[in-house]
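Data first, discussion second: the structure below is written as structure tokens.
Please read all numbers here as calculations on a predicted model, not as lab measurements. Letters A, B, ... are given to chains in the order of the sequence lines, protein chains preceding strands, and every chain is numbered from 1.
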2 protein chains.
Amino acid sequence: MAISIFIVDDHYMVIEGIHSLFHHEKSVEWLGHATNAASCLAFLKQQLPDIILLDINLPDKSGIDLCKEIKTLYPTVCVIGLSTFNQQSFIEKMMANGASGYVLKNATQKELMDSFETVMKGRAYLSHEVAQMLRSHEATDDAPVLTRREKEVLELIAEGLTNNEMAEKLFVSASTIDTHRKNLLMKLNAKNTAELVKLAIVKKLISFS
Amino acid sequence: MAISIFIVDDHYMVIEGIHSLFHHEKSVEWLGHATNAASCLAFLKQQLPDIILLDINLPDKSGIDLCKEIKTLYPTVCVIGLSTFNQQSFIEKMMANGASGYVLKNATQKELMDSFETVMKGRAYLSHEVAQMLRSHEATDDAPVLTRREKEVLELIAEGLTNNEMAEKLFVSASTIDTHRKNLLMKLNAKNTAELVKLAIVKKLISFS
DNA sequence: CGCACCATCCCTTTTTTCCATGATTTTTCA
DNA sequence: TGAAAAATCATGGAAAAAAGGGATGGTGCG
């Protein structure tokens, strides 16, 4: 019984690459591909693959969110995250949203095949490099939990607003902002504003683009 | 006469994808691939392709630097930048270092073929999306040129050091640091340190991991 | 109810940054 | 070699942030 796979990636070359890796492989059935979240969901209404290879970055939605949706709608399919980035936060979010595995795009045919077989047995698969990285980062990189207000203030700090400006904008007194600021420095263990902003970006507490 | 190509990319799937796009194409001769800068340079000592498809991100060296080296050693080969990122600074640096073109990894076979033909005629090729983006971002997103010292100070600021600490570390007076700092604020057009750090990261003037 | 947590507010002192202005030496490179 | 750019240093004042303290009301939860 062949394993049926479906791939979601906005990079034509990656789709083509995986296709060419498996098109001669009898044990793998290529159901097709999608280049965005919407057409992926449309496809799944018609047909369910055993495994979905899902890129982290899609044009219309993050792969992380899409993974969650897929697992809610179709709990039986296995999702394997696919990315060029060996980034802990991505991997964790992906796995937290129900993914069965995570492989990097520099994986070989053998690694991919391994991942298929492993997840079909109901176990999780992390590619070699990913697993290694997770071990090394284990104790360090944990993002603190911020309150709604703290996040707001953090974003405004990074925009370059002063306490007084933030106070006006958020309709509170400057002292309140000052307190939030102190708490942020404490929670992120930052020495000052500069380090605070850097850590906030590194830990993906604020988004920018 | 077939166009000979060589590809440098650390992602197995991308190599495989491009290979599969062209292996049946008589007008394109596939010379091989490398997954890092060192083995690329080693290959070029043996044989020169017409076109090198060069990824921006390599494990041992940035594709931008490698492009410069290649064009210095072998001015006749055409380099086409290859990336998932549609980022102005990358594109500009790549072209400034002698690249003949820049295509995204979601390019189709036709687009790639176009790019080959265009650069072989001695003209530059930018894939559709790239050209469109450059037009829209024209006046805005340009990273300023920083001096060696300014970059050093910028990194230390993001680490959370104060002027006095940086002065000690760099064996200069605090006033000197202050001047660099002012110049940084001016060059990046930042209101204060917080925005400075954010912009520095957004514009990829400092690296973190 | 008591407890933890959040959001709000206030005060003081010290440190650091921001701004303006000006100047000298060193390096770079056309 | 000569001009331009970079790096260096300084003074002084205004503004902002950091660090320390303490305080009040509200909400959710076992």
If the cut-off is 4.0 Å, is [X] near the phosphate of [N], judged by side-chain N/O to OP1 or OP2?
| X | N | result |
| --- | --- | --- |
| A/Thr179 | C/dC9 | no |
| A/Ser173 | C/dC10 | yes |
| A/Arg149 | C/dT8 | yes |
| B/Thr176 | D/dC9 | yes |
| B/Thr193 | C/dT16 | no |

What is the distance, to the nearest angstrom, from the [atom1] atom on [X] to the [atom2] atom on [N]?
| X | N | atom1 | atom2 | value |
| --- | --- | --- | --- | --- |
| B/Lys187 | C/dC19 | NZ | C1' | 18 Å |
| B/Asn164 | D/dA10 | CG | P | 12 Å |
| A/Lys191 | C/dT15 | NZ | C1' | 15 Å |
| A/Asn183 | D/dG20 | CG | C1' | 14 Å |
| B/Met186 | C/dT21 | CE | C1' | 13 Å |
| B/Lys182 | C/dG22 | NZ | P | 12 Å |
| A/Glu150 | C/dT8 | CD | C1' | 13 Å |
| B/Asn163 | D/dT11 | CG | P | 16 Å |

Inset, instruction - Decide whether A/Ser175 and A/Asp178 meet the rule of one side-chain donor and one side-chain acceptor closer than 3.5 Å. - result: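 Their side chains do not contain a donor-acceptor pair, so the 3.5 Å distance test is not met.
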Inset, instruction - Could you verify whether a donor N or O on one side chain and an acceptor N or O on the other, from A/Arg181 and A/Thr193, lie under 3.5 Å apart? - result: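 There is such a pair (donor and acceptor under 3.5 Å, judged by atom type) between the side chains of A/Arg181 and A/Thr193.
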Inset, instruction - Please state whether the base of C/dC19 and the side chain of B/Asp178 form at least one donor-acceptor pair under 3.5 Å? - result: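 Looking at the base of C/dC19, it does pair with a donor or acceptor on the side chain of B/Asp178 (distance under 3.5 Å).
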Legend entry - Test of ring centre spacing under 6.0 Å for B/His19 and B/Trp30: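 Yes, ring centres under 6.0 Å apart.
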Inset, instruction - Between B/Leu146 and B/Val172, just flag the one whose closest nucleotide in DNA chain D comes earlier from the 5' side. - result: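 Comparing both residues, the 5'-ward one is B/Leu146.
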Inset, instruction - Please figure out whether B/Arg148 or A/Met166 has its closest DNA chain D nucleotide nearer the 5' end. - result: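 The residue closer to the strand's 5' end, by nearest nucleotide, is B/Arg148.
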Legend entry - Residue A/His180, side-chain atoms from C-beta onward, closest of D/dA6, C/dT17, C/dA7: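 Looking only at heavy atoms from C-beta outward on A/His180, the closest nucleotide is C/dA7.
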Inset, instruction - Between D/dC9, C/dC19, D/dA7, spot the one nearest the side chain of B/Leu185, thanks. - result: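 In terms of side-chain proximity for B/Leu185, the closest of D/dC9, C/dC19, D/dA7 is C/dC19.
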Legend entry - Among B/Ile5, B/Val8, B/Ile7, B/Leu31, the one residue meeting side chain to side chain contact (heavy atoms under 4.5 Å, CB included) with B/Ile52: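 So the option named by the test is B/Val8.
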Legend entry - A/Glu168 atom CD, over 12 foreign heavy atoms within 6.0 Å: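 Incorrect, the count does not exceed 12.
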Inset, instruction - For A/Thr147, answer base if it contacts any base atom (sugar-phosphate contacts may also be present), sugar-phosphate if it contacts only those atoms, and nothing otherwise; contact means non-hydrogen atoms under 4.0 Å. - result: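 Sugar-phosphate: the residue A/Thr147, judged by heavy atoms under 4.0 Å, touches backbone atoms but no base.
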